[in-house]
Novice: 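Before anything else, here's the structure in question.
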Amino acid sequence: MATFGGSVLNSSDIVNDYVCGACESKNIDESADYFCGTCTKFFCGKCIRHHDQLYANHTKYGRGESKKWPLAKKTEDLLLKCDVHNNKKIKMFCQDHSQLCCSDCVLLNHRQCANVALISESVKKLSLDMQQLSNNLQTILNDLCKFKSTQEASIQTVKVSYSDKLQEIRDMRKKLNATLDKLENATLKDLGEYRAALQTSLKKDIYNCSRLKDELQQLSEAVQDLVEKSKHDLEFIASRKCLHKIQESETFLKENPMKAQKTMIFQADIDLEKYLYTKSSLGWIVDSMQSPTLNLNPDQVITVKRWSEYKVNISSDKSQTCWIEGICSLPNDQVIVLDRNNKRANLLNQHYAVTSHCDVSGTVGDICQVTSSEVAVTVGGGIVHFISVINGQLVNGRKFQLQHCAAGIAHHQGSLYITSCTSLYHYNMTGKLVKKLYEDTGGIYVWKCAVSPAGDRIYVTNNSQHKLLTLTTDGNLISSFTDPELKRPYGVHITPAGQVLVCGYTSGTLIQVDHDGKKNLATLLSLSQKDGRPSSVCFNPNKNSIILGLGNGKIIAMELH
């Protein structure tokens, strides 16, 4: 028999090569160039010349006719080797499990199977298209190669991205350091000025005290000299001067009563210290797969696989009927919901069970994420209230007061967009008004809002006129959308891919609108009145699901395809 062999080129390649049998018998590893069909042996270029001198009439095939060569032994061994028991050869096929088997496989796992047959018998029952199989394999191999190349390129991208983000973080730290240095210098300046003022005052007191003391001492000595001198005129003058100086000294001491030694006290800005304490990091790291730079399709229609309902009220609720006014999903698989009726925020775990809560000072309006562990909440009376998640607990943070009421709120790259029922405003994170973007004084038109991932569009629900408004970030109206499926639009949310989700409170619907705000792409859910009315919505990327808040204290988690 001919000797077949193989050589490994790459760990990812299927090897199908042959070695020269004559050279192999001399312990020489030489690749075969010819196969003699008469001898059924392989020869290299040198050995085939000796073969042809002896067997000129034998039929031989070169590499160009490799299809006429027999299967390589290593290829045959590869195919016959059992994947489970490496030292056994495949001999049978279990049709019940569609699984190739060696004798051990049959004995251990397929004794109860009714359709186990030898390979030779199984072949007769099957119709095989090896060319199609080869094409399918090549397609998968190409896909795997592309995937591997993409991932290898991603490793380099991650490396570069890491360096860039590391520099951004360090630059941010420098800015914070510069800001802290500025605050420190201002405080040190105040300290120096206060010290100088104290020292000037104290030195003035010392000077006046020394002057009075010296003048009184001189008069005292003069009075001693006049004793028994019978200088009545001088005694009268001395008496009047002493009385005047004593009166002046008493007035000085009365105006400057003796106290404990003066010192200075530094009263730290507790709010500043407390705010920094609530921060768990300088920011948050997100996967670029959630970035709009990947050109995801914002009009890709969402399909719902199934949905489940959860109660999110707690035993201490004053009102057992919660109203889920707002929802926010955090990167660590936690969710914060706002309970309007009980004036509180509840933290939910991955199973949507309440694990922590905190009360707020008024009726909650809306919520948005500002960092990986912090949210901003609108509260009745025109207050923006920040809440952080620290060690699994909700912690109240700083607040700032607006000059108008606050309804909806959205965040994008350090900017806050806040509605007042009639207007839409742009604020920075410290509460400074940047610009009034949009106003409609005809009614309650500007309710909840959301910003596209690219930051180029703002979506606003018009509650009283059953509309969804699409605005530019400058406040210009792009479109005004109405639909029979959208009655009393309430909550609005944009997914990381830019898909627009809107709640119809009265219609009991959740619909998806195209990114231009002009067309209803799909009605994702329609509820009866007894099921509840949708008031808030958010996308949960941790579970690829949509969370819908209802006015009856429940949430619906919608699992997506």
Novice: Looking at CG of L477 and OG1 of T472, how far apart are the two atoms once the value is rounded to the nearest 0.5 Å?
Specialist: 9.0 Å
Novice: Among V513, V502, D516, which residue satisfies the side chain to side chain contact (heavy atoms under 4.5 Å, CB included) criterion with F481?
Specialist: V513
Novice: Dump the intermediate steps for side chain to side chain contact (heavy atoms under 4.5 Å, CB included) on M172 and K175, then the final yes or no.
Specialist: CA-CA 5 Å; M172 182 178 180; K175 291 180 181 179; 5.5 Å; no
Novice: Using 0.5 Å steps for rounding, measure from the CG atom of N177 to the CG atom of D171.
Specialist: 11.5 Å
Novice: Once side chain to side chain donor-acceptor pair (under 3.5 Å) is applied, what residue pairs with a partner in residues 480-491 remain, sequence neighbours excluded?
Specialist: E325-Y490, N463-R488, D483-N520, E485-T523
Novice: Start with the C-alpha distance between Y310 and H351, add both sets of side-chain angles, then the distance that settles ring-ring contact (aromatic ring centres under 6.0 Å, His included), and finish with yes or no.
Specialist: CA-CA 9 Å; Y310 301 88; H351 304 296; 9.2 Å; no
Novice: Within the structure provided, determine whether L521 and K519 are in side-chain contact (heavy-atom separation under 4.5 Å).
Specialist: yes
Novice: Distance-only, no hydrogens or angles: does the T495 side chain make a donor-acceptor pair with backbone N or O of F539 under 3.5 Å?
Specialist: no
Novice: How many angstroms lie between atom OG of S526 and atom CG of L510, to the nearest 0.5 angstrom?
Specialist: 10.0 Å
Novice: Below 4.5 Å, heavy atoms only, C-beta onward: do L525 and T509 meet side chain to side chain?
Specialist: no
Novice: Answer whether the closest heavy-atom distance between the side chains of N544 and E559 falls below 4.5 Å.
Specialist: no
Novice: Do Q334 and N332 have side-chain N/O donor and acceptor atoms under 3.5 Å apart?
Specialist: yes
Novice: Using only atom types and a distance under 3.5 Å, with no angle test, would you say the side chain of S388 pairs donor to acceptor with the backbone of E374?
Specialist: no
Novice: Looking only at the side chains, is there a donor atom on one of S361 and H385 sitting less than 3.5 Å from an acceptor on the other?
Specialist: no
Novice: With the side chain counted from C-beta on, respond yes when P453 and P496 share a heavy-atom pair under 4.5 Å apart, and no when they do not.
Specialist: no
Novice: Counting C-beta onward and ignoring hydrogens, is there a side-chain heavy-atom pair between I327 and V335 closer than 4.5 Å?
Specialist: yes
Novice: Rounded to the nearest 0.5 Å, what separates atom OG in S420 from atom OH in Y438?
Specialist: 12.0 Å
Novice: Got a second to check how far T473's OG1 is from L437's CG, nearest 0.5 Å?
Specialist: 8.0 Å
Novice: Quick one: does S163's side chain have a donor or acceptor within less than 3.5 Å of a partner on K159's backbone?
Specialist: yes
Novice: Do N428 and T430 have side-chain atoms, one donor and one acceptor, less than 3.5 Å apart?
Specialist: yes
Novice: Begin with the C-alpha distance, continue with both residues' side-chain angles, and end with the deciding distance and a verdict on ring-ring contact (aromatic ring centres under 6.0 Å, His included) for W323 and Y505.
Specialist: CA-CA 12 Å; W323 180 314; Y505 186 81; 5.6 Å; yes
Novice: So if I apply the side chain to side chain contact (heavy atoms under 4.5 Å, CB included) rule between I324 and each of L550, L338, V312, which one comes out positive?
Specialist: V312
Novice: Assess, by modelled atom type and distance only, whether the side chains of T139 and N136 contain a donor and an acceptor separated by less than 3.5 Å.
Specialist: no
Novice: Which residues pass the salt bridge (Lys or Arg N to Asp or Glu O under 4.0 Å) test with D317, not counting sequence neighbours?
Specialist: R344
Novice: When you check the gap from the basic side-chain N to the acidic O, do K554 and D531 get nearer than 4.0 Å?
Specialist: no
Novice: Start with the C-alpha distance between I409 and C449, add both sets of side-chain angles, then the distance that settles side chain to side chain contact (heavy atoms under 4.5 Å, CB included), and finish with yes or no.
Specialist: CA-CA 6 Å; I409 188 168; C449 63; 5.6 Å; no
Novice: Would you say that I546 contacts V537 through its side chain, given a criterion of any heavy-atom pair below 4.5 Å between the two side chains?
Specialist: yes
Novice: Can you check side chain to side chain contact (heavy atoms under 4.5 Å, CB included) on M429 and F386, steps first, answer last?
Specialist: CA-CA 10 Å; M429 291 295 292; F386 291 86; 3.8 Å; yes
Novice: Is a donor on one side and an acceptor on the other found under 3.5 Å between the side chain of Q512 and the backbone of Q300?
Specialist: yes
Novice: Taking N342 for its side chain and N313 for its backbone only, find out whether a donor-acceptor pair lies under 3.5 Å.
Specialist: no
Novice: Do the side chain of N256 and the main chain of F252 share a donor and acceptor less than 3.5 angstrom apart?
Specialist: yes
Novice: Using a strict 4.0 Å threshold on nitrogen-to-oxygen distance, state whether E250 and K254 make a salt bridge.
Specialist: no
Novice: Measure the shortest side-chain to side-chain distance between S415 and V434 over non-hydrogen atoms and say whether it is less than 4.5 angstrom.
Specialist: no
Novice: Taking all heavy atoms of P489 and all of K467, pick out the closest pair and write down the distance.
Specialist: CG-O, 3.4 Å
Novice: Is the backbone N or O of S373 less than 3.5 Å from a side-chain atom of T371, with the two atoms forming a donor-acceptor pair by type?
Specialist: yes
Novice: Side chains of V389 and L347: does their closest heavy-atom pair fall under 4.5 Å?
Specialist: yes
Novice: Can you see which heavy atom on C328 is nearest to which on I367, and at what distance?
Specialist: CB-CD1, 3.9 Å
Novice: Answer yes or no: is there a donor N or O on one side and an acceptor on the other, between the side chain of T378 and the main chain of G408, under 3.5 Å?
Specialist: no
Novice: Run the side chain to side chain contact (heavy atoms under 4.5 Å, CB included) check on I383 and F400 step by step: do they pass?
Specialist: CA-CA 6 Å; I383 297 172; F400 61 74; over 6 Å; no
Novice: Ignoring hydrogens and angles, tell me if any N or O in the side chain of S356 forms a donor-acceptor pair with the backbone of L394 under 3.5 Å.
Specialist: yes
Novice: Identify the heavy atoms of S329 and N542 that sit nearest to each other, and give their distance.
Specialist: OG-ND2, 3.6 Å
Novice: So is K543 actually on top of Y352's ring, under 6.0 Å and inside 45° of the axis?
Specialist: yes
Novice: Could you pull out the closest heavy-atom pair between Y425 and S423, with the gap in Å?
Specialist: CE1-CB, 3.5 Å
Novice: What closest approach, in Å, do A410 and A450 show between heavy atoms, and which atom pair accounts for it?
Specialist: CB-CA, 4.0 Å
Novice: Testing the 3.5 Å rule here: is there a donor-acceptor pair between the side chains of H515 and D299?
Specialist: yes
Novice: Looking at I206, is its backbone amide N or carbonyl O close enough to the side chain of S210 to form a donor-acceptor pair, meaning the two atoms are under 3.5 Å apart?
Specialist: yes
Novice: Only one of I336, I555, D333 forms a side chain to side chain contact (heavy atoms under 4.5 Å, CB included) with L348, so which one is it?
Specialist: I555
Novice: Rounded to the nearest 0.5 Å, how far does CE of M558 lie from CG of L560?
Specialist: 7.0 Å
